[in-house]
Amino acid sequence: MEESRTSLLEREAEYCEKCPGCKVDRLKQEQAGVPYKLLSFIWIVSLCTALQISSLFPFVYFMIRDFHIAKREEDVGFYAGFVGSSFMVGRALTSLFWGVVADRYGRKPVILIGTFSVVVFNTLFGLSTNFWMALSMRFFLGCFNSLLGTIRAYASEVCREEYRALALSVVSTSRGIGLIIGPAIGGFFAQPVEKYPNLFAESSIFGRFPYLLPCLIISVYAVGSLVACKWLPETLHKHAEKANERADLHDISEHSSNDSGQKDNMVELEEKQIHKSNLLKNWPLMSTIIVYCVFSLQEMAYSEIFSLWAVSDKKYGGLSFSSQDVGEVLAISGLGLLLFQLLLYPPVERRLGPLMVTRLSAVISIPLLSCFPYIAMLSGVVLHLVINCAAILRNTLSPQSQRGAANAISITAMSVFKAFGPAGGGALFSWAQERQVASFLPGDQIVFFALNVVQFIGLLLTFKPFLAEPYQRE
C-alpha cells in the first residue's frame with residue numbers, strides 16, 4: 001500500500017516533456033541565479049500596460065473641449081470624467097474572465113492579447129473624432145488589458161521561490177516608471193502642431209488628430225513589447241488535470257484498505273473547499289479589500305480632478321496650465337513616488353507597520369489637500385515650485401499596499417471603485433466651476449473638501465470594528 005502511494009507520487013512528479021510549466025520548473029532548478037533576462041522582458045511588458053493608463057490625464061481636458069460636446073466650458077470636466085472612467089469600467093467587467101482564461105489556457109496568451117490591444121485601441125483612441133469614439137476605445141482598451149493579476153502571477157511563477165519578491169517588485173517598479181513616463185508622453189506630445197510648429201505642419205495627420213502622437217508613441221512601444229513576449233515562456237502546467245484524475249482514482253481504490261488516511265485527506269479537501277466557498281465571508285480579507293478600494297477611489301478621483309483643475313482657467317479657480325505643464329508635474333510627482341517606494345517606504349513600513357503608515361498618510365493628506373485651492377492664487381516660478389512639491393507629497397502619501405494578493409476579487413473591486421473615481425470627480429469638478437461665488441466652500445474648495453471626506457472615511461475604516469485582523473490558524 002505504501003509502495004503504491006509512493007509510486008503515485010513519483011508518477012505525478014515525473015517531468016512532462018510537452019508541459020510548458022514543467023519546462024519552466026526544470027529551468028528554475030537548473031539555473032540557481034536571478035533570471036535577469038526574463039525579468040527584463042516582464043518589466044517591458046508590464047510598463048506597456050501602465051503607460052496608456054496615466055498618459056491620458058494631461059490632455060483629456062483639451063481633447064473633450066475640441067470635441068465640442070460640452071456646451072459650456074464648465075461642463076468639460078463632466079465628460080472628461082467619463083472618458084477617464086471607461087478604462088476602469090472595462091477592466092472591472094473582464095478581470096475575472098481573463099483570470100479564468102489565464103488559468104485554463106495559459107498566462108502568455110492573455111499577456112499577448114492585452115499587449116496587442118494596446119496597439120489597436122490606443123491608436124484608435126488617438127484617432128478619435130468625437131466623444132463617443134474616445135469613450136468606446138478606452139472602454140475596449142480596459143476590457144482587453146486586464147493584465148494586472150496575470151502579470152503578477154506570471155512574475156511569481158517564472159522565478160525560484162527566493163526571488164519571487166524581487167519579481168513582484170519588478171512589476172511594481174515598472175508601473176511606477178509608467179507614472180513618470182506616461183504623463184510626460186501625454187503632456188509633451190499632445191497637440192504637437194501648436195507646441196512644435198517647426199516640426200509638425202498643420203496639414204499633417206497630427207494637425208488633424210492633435211492627440212494621436214502620444215498614443216502612437218505608446219502603441220509603437222507596445223509593438224516592441226509584443227516582440228519581447230516571444231521570449232516569455234509559458235508557465236501553466238497543462239497536464240495537471242490528468243494528474244489530479246489519476247490521484248482521485250488511486251484514492252478511491254485505496255478507500256477500503258486505508259480508511260483513516262482517506263478521512264484525513266477528505267478533511268483537508270473539505271477545508272480547502274470551505275475556504276474557497278467562504279472567501280466572500282472572510283471578513284479580515286474583505287475588510288482589507290474594501291479599505292484599499294476606498295483609498296483607490298480617492299486616488300483616482302484626485303488624479304482626474306488634479307489634471308482638470310490644473311488646466312482650467314484662472315477665473316474658475318484653476319492654474320491655467322498647458323498639457324505640457326500638467327505632464328511635467330505628474331511626471332515629477334511620479335518620480336518622487338517611485339523614489340519613496342524604493343528608498344523610504346520599506347524601512348518606514350518595517351518600523352511602523354503598513355497599517356500605521358496608511359493611517360498617518362491619510363491624516364497628513366487631509367490638510368495638504370485643503371491647501372490646493374489656495375495654491376491657485378500663486379503665479380510664476382513660485383506656483384510651479386509649490387505645486388510640484390505639493391503633488392510629490394500627495395503622491396507619496398497615497399496607499400502603498402499594492403503588494404497584496406492579486407486575486408481576481410480584489411482587482412475587480414478595485415477597478416469598480418477606480419471607475420467611479422474619474423466619473424464622480426469630473427462631475428463634481430464641473431459642478432464646482434458653476435458655483436464660484438457660493439457662500440459655502442465656493443468653487444474648487446468643494447472639490448478638495450469631497451476628496452478629504454473620502455480620505456477621512458478610508459481612515460475611519462482602518463480601525464476596529466470594521467478592519468479585522470487576520471486570524472491565525474492553529
Side-chain angles (χ1 to χ4, degrees), residues 50-70 72-91 118 121-142 178-179 181-192 194-195 209-219 299-313 316 318-331 333-334 391 418-430 432-433 447:
L51 286 176
Q52 32 79 33
I53 298 177
S54 56
S55 63
L56 169 72
F57 293 116
F59 63 81
V60 64
Y61 181 93
F62 302 99
M63 188 182 214
I64 299 301
R65 185 196 62 186
D66 293 347
F67 287 154
H68 303 292
I69 190 172
R72 301 176 303 168
E73 186 177 353
E74 297 94 317
D75 297 331
V76 172
F78 175 79
Y79 293 98
F82 283 102
V83 174
S85 293
S86 57
F87 177 90
M88 290 298 171
V89 172
R91 194 171 80 170
V118 177
F121 295 114
N122 198 56
T123 303
L124 291 175
F125 175 72
L127 293 170
S128 298
T129 55
N130 57 68
F131 170 76
W132 297 108
M133 181 178 178
L135 187 75
S136 58
M137 290 305 104
R138 289 289 296 182
F139 173 75
F140 287 127
L141 188 60
L179 291 176
I181 302 178
I185 293 174
F188 283 92
F189 295 104
Q191 302 169 309
E194 297 180 13
K195 296 174 182 174
F209 303 101
Y211 309 100
L212 172 62
L213 184 57
C215 298
L216 193 61
I217 291 174
I218 295 174
S219 296
E299 183 182 1
M300 285 300 295
Y302 165 79
S303 299
E304 180 76 15
I305 288 172
F306 177 83
S307 299
L308 297 176
W309 170 68
V311 300
S312 63
D313 197 274
Y316 294 114
L319 304 181
S320 295
F321 274 11
S322 66
S323 60
Q324 183 173 334
D325 293 329
V326 177
E328 287 178 358
V329 175
L330 294 179
S333 62
K418 284 189 173 183
F420 279 107
L428 180 63
F429 180 80
S430 295
Q433 289 198 321
V447 176

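Bear in mind the structure is a predicted one, so any value in this text is a computation, not a measurement.
Smallest separation of non-hydrogen atoms from S323 and K195: OG-NZ, 2.6 Å. Counting all heavy atoms, side chain and backbone alike, N130 lies closest to W132 at OD1-N, 3.2 Å. Nearest heavy atoms, G186 versus P58: C-CB, 4.1 Å. The nearest pair of heavy atoms linking L308 to G426 is CD1-CA, 4.1 Å. I53 approaches M88 most closely through the heavy-atom pair CG2-CE, 4.4 Å. Contact between V326 and A310 at its shortest, heavy atoms only, is CG2-CB, 3.9 Å.
Considering only heavy atoms from C-beta on, E194 stays 4.5 Å or farther from P210 through its side chain. Side-chain contact between L135 and S86 is present, with at least one heavy-atom pair separated by less than 4.5 Å. Q324 places none of its side-chain heavy atoms less than 4.5 Å from the side chain of Q191. Proximity of R138 to L56: side-chain heavy atoms (C-beta onward) are separated by under 4.5 Å at one or more points. Taking the side chain as every heavy atom from C-beta outward, M300 and P422 approach each other to under 4.5 Å. For the pair F321/V329, a side-chain contact is recorded, criterion being any heavy-atom separation below 4.5 Å from C-beta on.
No donor-acceptor pair under 3.5 Å is formed between the side chain of S333 and the backbone N or O of A391. Here the side chain of D66 pairs no donor or acceptor atom with the backbone of M63 at under 3.5 angstrom. Remark: side-chain polar atoms of D313 are not paired, donor with acceptor, to backbone N or O of S320 under 3.5 angstrom. Side-chain atoms of Y211 come within 3.5 Å of backbone atoms of F62 as a donor-acceptor pair (strictly under, hydrogens ignored).
Ring geometry for F125 versus F59: interplanar angle of 30 to 60°, hence tilted.
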### Message
F67 vs F131, test: ring pair (Phe, Tyr, Trp, His ring centres under 6.0 Å). Steps then yes/no.
### Response
CA-CA 6 Å; F67 287 154; F131 170 76; 7.3 Å; no
#### Entry: Verdict with supporting geometry, L179 and L330, side chain to side chain contact (heavy atoms under 4.5 Å, CB included)
CA-CA 7 Å; L179 291 176; L330 294 179; over 6 Å; no
### Task
Just do the side chain to side chain contact (heavy atoms under 4.5 Å, CB included) check on S55 and I218 with the steps written out, would you?
CA-CA 9 Å; S55 63; I218 295 174; 3.3 Å; yes
### Message
Under the criterion side chain to side chain contact (heavy atoms under 4.5 Å, CB included), I'd like the reasoning laid out for L319 against V311: C-alpha separation, chi angles, the key distance, then a yes or no.
### Response
CA-CA 6 Å; L319 304 181; V311 300; over 6 Å; no
### Task
Kindly indicate, with the supporting measurements, whether the criterion side chain to side chain contact (heavy atoms under 4.5 Å, CB included) is fulfilled by F429 and E304.
CA-CA 9 Å; F429 180 80; E304 180 76 15; over 6 Å; no
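Atoms OG and CZ, from S312 and R65 in turn, are 12.0 Å apart once rounded to the nearest 0.5 Å. From N122, atom CG reaches atom CG of L51 across 9.0 Å, with rounding to the nearest 0.5 Å. Atom-to-atom distance recorded for E299:CD and K418:NZ is 5.5 Å, nearest 0.5 angstrom. How far CG of D325 is from CZ of F188: 8.5 Å, rounded to the nearest 0.5 Å. The distance from the OH atom of Y79 to the OG atom of S430 is 9.0 Å, given to the nearest 0.5 Å.
Checked against the 6.0 Å centroid threshold, F121 and F140 count as a close aromatic pair. Taking the six-membered ring for Trp, F57 and Y61 have ring centres at least 6.0 Å apart.
Summarising the local packing, CZ of F139 is surrounded by more than 12 heavy atoms from other residues, nucleotides or ligands at distances under 6.0 Å.
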